[in-house]
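For reference, the structure discussed in these notes is given below.
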Amino acid sequence: QVQLVESGGGLVQAGGSLRLSCAASGRTFSSYAMGWFRQAPGKEREFVARIRWTGGSTYYADSVKGRFTISRDNAKNTVYLQMNSVKPEDTAVYYCAARISRTLVPSYSADAYDYWGQGTQVTVSS
């Protein structure tokens with residue numbers, strides 16, 4: 001089992017910055033990668049970014065590329081999402097997720113992930 005707890009959400013003005021954290025506990029040694037997803041009201045959950053624990057390779061959705069940065073601290077079992085130049089359309093509940101193993105399911109699919117956090121609300125005002 002892997003437990004994930006997000007924090008750092010809140011209200012921010014457009015153009016501002018926010019950093020989300022996701023603390024992982026439990027069988028984190030078996031995690032292959034971590035991802036961030038978001039879900040806005042009335043919309044489906046969408047992929048934001050992914051990072052692998054080993055090597056640290058990253059992958060981003062086009063909508064956040066160049067503005068958001070995903071990183072990890074292996075010693076703390078924590079993954080971060082630095083959000084810069086935020087826009088009102090970034091408003092959503094943000095979820096972190098843990099992927100245990102590498103499969104044929106692509107990283108941008110929620111189905112690739114085995115464990116999810118409870119989410120943290122990010123609201124961007126215009």
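Please read these numbers as outputs of a predicted model, since none were measured by experiment.
- Residues Ala24 and Leu4 come closest through the heavy atom pair CB-CD2, 3.6 Å.
- Between Ala98 and Val2, the shortest heavy-atom contact is CB-CG1, 4.3 Å.
- For the pair Arg52/Ser107, no side-chain contact is recorded, criterion being any heavy-atom separation below 4.5 Å from C-beta on.
- Residues passing the side-chain hydrogen bond (donor to acceptor under 3.5 Å, both in side chains) test with Thr58: none are found, sequence neighbours excluded.
- A single hydrophobic cluster is seen to contain both Phe68 and Met34, as judged by linkage of ILVMFWY side chains at heavy-atom distances under 4.5 Å, directly or through other members.
- Shown here are the salt bridge (charged side-chain N to carboxylate O under 4.0 Å, His left out) partners of Arg67, two or more places apart in sequence or in another chain: Asp90.
- For Lys65, the salt bridge (charged side-chain N to carboxylate O under 4.0 Å, His left out) criterion is met by Asp62, not counting sequence neighbours.
- Minimum heavy-atom separation, Ile70 to Val79: CG1-CG1, 3.9 Å.
- Remark: side-chain polar atoms of Thr91 are paired, donor with acceptor, to backbone N or O of Pro88 under 3.5 angstrom.
- Note that OG1 of Thr69 and CZ of Arg19 are 11.5 Å apart. Values are rounded to the nearest 0.5 Å.
- Contacts classified as disulfide (SG to SG under 2.5 Å) and involving residues 41-96 (residues at least two apart or in different chains) are given here: Cys22-Cys96.
- Under the disulfide (SG to SG under 2.5 Å) criterion, no residue pair touches residues 36-87, with sequence neighbours excluded.
- Apart from Val93 itself, the hydrophobic cluster it occupies contains Phe37, Phe47, Tyr59, Tyr95, Tyr108, Tyr113, Trp116, where clustering links Ile, Leu, Val, Met, Phe, Trp and Tyr at side-chain heavy-atom distances under 4.5 Å.
- Under the 4.5 Å side-chain heavy-atom criterion for grouping Ile, Leu, Val, Met, Phe, Trp and Tyr, Met83 is not connected to Tyr80 through any hydrophobic cluster.
- Residues Lys87 and Val124 have side chains not in contact (no heavy-atom distance under 4.5 Å, counting atoms from C-beta outward).
- Listed by chain and number, the residues in a side-chain hydrogen bond (donor to acceptor under 3.5 Å, both in side chains) with Gln82 are Asn84 (sequence neighbours excluded).
- With sequence neighbours excluded, no residue forms a salt bridge (charged side-chain N to carboxylate O under 4.0 Å, His left out) with Arg50.
- Sorted by first then second residue, the salt bridge (Lys or Arg N to Asp or Glu O under 4.0 Å) pairs that include residues 71-85, not counting sequence neighbours, number zero.
- Residues satisfying the salt bridge (charged side-chain N to carboxylate O under 4.0 Å, His left out) criterion with Glu89, sequence neighbours excluded, are absent altogether.
- The minimum heavy-atom distance linking Ser21 with Thr78 is given by the pair CB-CG2, 4.3 Å.
- Taking every heavy atom of both residues into account, Asp111 and Val105 meet most closely at C-CG1, 4.1 Å.
- Inter-residue side-chain proximity for Asn77 and Ser25 is flagged as unmet; no heavy-atom pair is nearer than 4.5 Å.
- Each disulfide (SG to SG under 2.5 Å) pair with one or both residues in residues 58-94, not counting sequence neighbours, would appear here, but there are none.
- Two residues are said to be in side-chain contact when any heavy atoms from C-beta on lie closer than 4.5 Å; Ile51 and Trp36 fail this criterion.
- In this structure Thr123 satisfies the side-chain hydrogen bond (donor to acceptor under 3.5 Å, both in side chains) test together with Gln121, sequence neighbours excluded.
- Remark: Glu44 CD is loosely packed, at most 12 non-hydrogen atoms of other residues, nucleotides or ligands lying under 6.0 Å away.
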- For Arg38 and Tyr94, what are the C-alpha separation, side-chain angles and deciding distance, and is it a side-chain hydrogen bond (donor to acceptor under 3.5 Å, both in side chains)? CA-CA 4 Å; Arg38 65 187 182 186; Tyr94 283 70; 2.9 Å; yes

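- Residues Leu81 and Ala49 approach most closely at CD1-CB, 4.3 Å, considering heavy atoms.
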